[in-house]
Amino acid sequence: MMKRFLLLTCVLAAGAAVLTPAASARIVELGGVADAASLNCPGTTESPCQAAVHVTGYQGRASGGPKNPYYIRRDGHLVAFTLQLAKPNAEEVKFFEDRWGTPSTARISVLRRGSTRKTRLDHRLVNQSDTFELDRYFGSKPTFVFDKPIPVKKGNWIAITVPTWAPLLSVNQSRANWWRSSRPKDSCDDFGLRQFAMEDLREVSVFGCTYPTGRLLYTVTYVPSNHVTNSNSGT
């Protein structure tokens with residue numbers, strides 16, 4: 001844990017120096033304020049292991065945290081993300097790989113949501129991180145640092161995209177928890193082979209499904225841009 005903290009601290013310090021050479025940067029962990037959530041892998045007969053599969057999604061609310069924790073309220077940059085990964089057993093890994101592919105992967109997506117009542121469920125993919133393989137990190141809490149900071153604009157939403165599958169889903173939490181997915185309304189329970197993960201820039205998906213009592217266990221490290229308080233000052 002200390003090694004991870006020191007590594008992330010050094011990288012963020014360097015990133016902050018690049019992004020804001022004239023002042024200290026404030027660092028925000030999107031999704032970082034929330035009650036602890038239980039992991040469900042390996043599973044049991046009564047509560048089988050579950051994972052996020054072929055989907056893009058974001059948390060609308062997590063118990064103990066603010067509403068819309070992944071909404072961007074000021075222009076800035078994303079520099080890293082962290083996952084809380086369960087540790088499925090060999091049988092469970094084979095089950096997921098046979099159905100949704102290998103290796104287990106995830107990436108961060110920057111979305112712009114429609115602004116009218118008619119388009120409010122439409123989300124356009126405007127930027128994304130590289131894809132990261134997860135298999136060797138099962139049972140841990142890895143942090144993935146981006147090679148280059150990802151710019152974000154006020155009004156963007158920051159989602160997690162799972163092109164194959166990833167054990168980062170917590171279920172049967174309190175009803176204060178809910179997340180929204182890129183599946184249309186008629187496909188909320190479609191966990192077959194159809195691909196709903198957003199990976200083509202500029203594509204638009206309808207986020208028609210909301211899942212109560214569920215948590216997507218990811219946080220995103222975000223550096224807001226500094227407020228300009230004196231535009232007339234010299235350089």
Side-chain angles (χ1 to χ4, degrees), residues 30-44 46-72 81-88 92 95-96 99-101 104-114 119-125 128 134 138 141 156-199 203-220:
L30 301 175
V33 179
D35 295 337
S38 60
L39 301 176
N40 63 345
C41 300
T44 64
E46 295 77 19
S47 180
C49 173
Q50 296 188 44
V53 298
H54 286 189
V55 73
T56 296
Y58 60 85
Q59 199 72 30
R61 189 73 180 261
S63 59
K67 185 179 180 181
N68 298 326
Y70 297 94
Y71 177 74
I72 298 297
F81 73 108
T82 300
L83 302 177
Q84 178 73 63
L85 297 174
K87 191 172 184 178
E92 291 166 340
F95 172 83
F96 290 121
R99 288 161 177 77
W100 295 287
S104 174
T105 54
R107 70 194 310 178
I108 289 298
S109 299
V110 180
L111 307 177
R112 186 171 66 238
R113 194 169 78 173
T119 64
R120 64 186 177 85
L121 295 180
D122 294 347
H123 292 66
R124 183 183 297 275
L125 179 63
Q128 60 189 347
L134 309 179
F138 290 170
K141 194 174 181 179
N156 288 160
W157 297 76
I158 311 305
I160 187 82
T161 288
V162 180
T164 53
W165 65 280
L168 50 76
L169 176 64
S170 181
V171 298
N172 300 323
Q173 303 297 302
S174 72
R175 290 195 66 84
N177 299 277
W178 60 271
W179 66 281
R180 181 168 284 148
S181 88
S182 54
R183 295 184 177 94
K185 289 182 178 180
D186 61 354
S187 301
C188 294
D189 297 322
D190 183 354
F191 301 109
L193 300 181
R194 293 177 65 189
Q195 181 60 271
F196 295 102
M198 300 175 70
E199 294 198 273
E203 75 169 297
V204 176
S205 289
V206 176
F207 277 56
C209 300
T210 299
Y211 298 92
T213 74
R215 285 271 298 278
L216 295 170
L217 301 179
Y218 75 105
T219 63
V220 184

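We count residues from 1, following the sequence as given. Any value given below was found using the heavy atoms of this structure, including those in side chains, with hydrogens, waters and symmetry copies removed. Quantities reported herein were computed from a predicted structural model and do not represent experimental measurements.
- Looking at Gln173, its side chain does come within 3.5 Å of a backbone N or O of Val171 through a donor-acceptor pair.
- Of the possible donor and acceptor atoms, none in the side chain of Tyr70 sits under 3.5 Å from a partner among the backbone N and O of Ile160.
- Classified by interplanar angle (parallel below 30°, tilted 30° to 60°, perpendicular above 60°), the ring pair Trp100/His54 is perpendicular.
- In this structure the side chain of Arg183 reaches within 4.5 angstrom of the side chain of Val55, judged on heavy atoms.
- Of the inter-residue distances, the one linking Arg112 atom CZ with Arg124 atom CZ reads 6.0 Å to the nearest 0.5 angstrom.
- Without hydrogens or angle criteria, Thr119 side chain to Asp122 main chain gives no donor-acceptor distance under 3.5 Å.
- The CD1 atom of Ile108 sits 10.0 Å away from the OG1 atom of Thr56 when rounded to the nearest 0.5 Å.
- At a threshold of 4.5 Å between non-hydrogen side-chain atoms, the residues Ser181 and Trp179 count as touching.
- Although no hydrogens or angles enter the test, the distance criterion places a donor-acceptor pair under 3.5 Å between the side chain of Ser182 and the main chain of Phe196.
- Using a distance-only test at 3.5 Å, with no hydrogens or angles considered, a donor-acceptor pair links the side chain of Gln195 to the main chain of Pro163.
- Between Ile158 and Ile72, the closest side-chain pair of non-hydrogen atoms falls below 4.5 Å.
- The shortest heavy-atom contact between Glu199 and Gln128 is O-NE2, 3.1 Å.
- Contact between Gly57 and Tyr218 at its shortest, heavy atoms only, is O-OH, 3.8 Å.
- Annotation for Phe207 and Met198: closest pair CE1-SD, 3.6 Å, computed over non-hydrogen atoms.
- Here the side chain of Gln59 pairs a donor or acceptor atom with the backbone of Leu216 at under 3.5 angstrom.
- For Thr164, the side-chain hydrogen bond (donor to acceptor under 3.5 Å, both in side chains) partners two or more places apart in sequence, or in a different chain, are Thr105.
- Taking CG from Leu121 and OG from Ser205, the interatomic distance works out to 11.5 Å, rounded to the nearest 0.5 Å.
- Gln84 is linked by a side-chain hydrogen bond (donor to acceptor under 3.5 Å, both in side chains) to nothing, counting only residues two or more places apart in sequence or in another chain.
- The distance from the CD atom of Glu203 to the CG atom of Leu111 is 9.5 Å, given to the nearest 0.5 Å.
- Without hydrogens or angle criteria, Ser170 side chain to Leu39 main chain gives no donor-acceptor distance under 3.5 Å.
- Between atom OH of residue Tyr211 and atom CG of residue Leu169 there is a gap of 10.0 Å, rounded to the nearest 0.5 Å.
- Counting only heavy atoms from C-beta outward, the side chains of Ser187 and Arg194 approach each other to under 4.5 Å.
- The two atoms that bring Asn172 and Ser47 nearest to each other are ND2-OG, 4.4 Å, heavy atoms only.
- Residues satisfying the side-chain hydrogen bond (donor to acceptor under 3.5 Å, both in side chains) criterion with Ser109, sequence neighbours excluded, are Thr161.
- Residues Trp165 and Pro88 are in side-chain contact: their nearest non-hydrogen atoms beyond the backbone lie under 4.5 Å apart.
- Looking at every heavy atom in both residues, Pro212 comes nearest to Thr210 through CD-O, 3.4 Å.
- Heavy-atom minimum distance, Cys209 versus Lys185: SG-CA, 4.2 Å.
- With hydrogens and angles disregarded, no donor-acceptor distance shorter than 3.5 Å links the side chain of Trp157 to the backbone of Tyr58.
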Would Phe138 and Cys41 count as a side chain to side chain contact (heavy atoms under 4.5 Å, CB included) here? Give the steps. CA-CA 10 Å; Phe138 290 170; Cys41 300; over 6 Å; no
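- Looking at Asn177, its side chain does come within 3.5 Å of a backbone N or O of Ser63 through a donor-acceptor pair.
- In this structure the side chain of Leu85 reaches within 4.5 angstrom of the side chain of Leu134, judged on heavy atoms.
- Within the model, atoms CZ of Phe96 and SG of Cys49 stand 4.0 Å from one another, a figure rounded to the nearest 0.5 Å.
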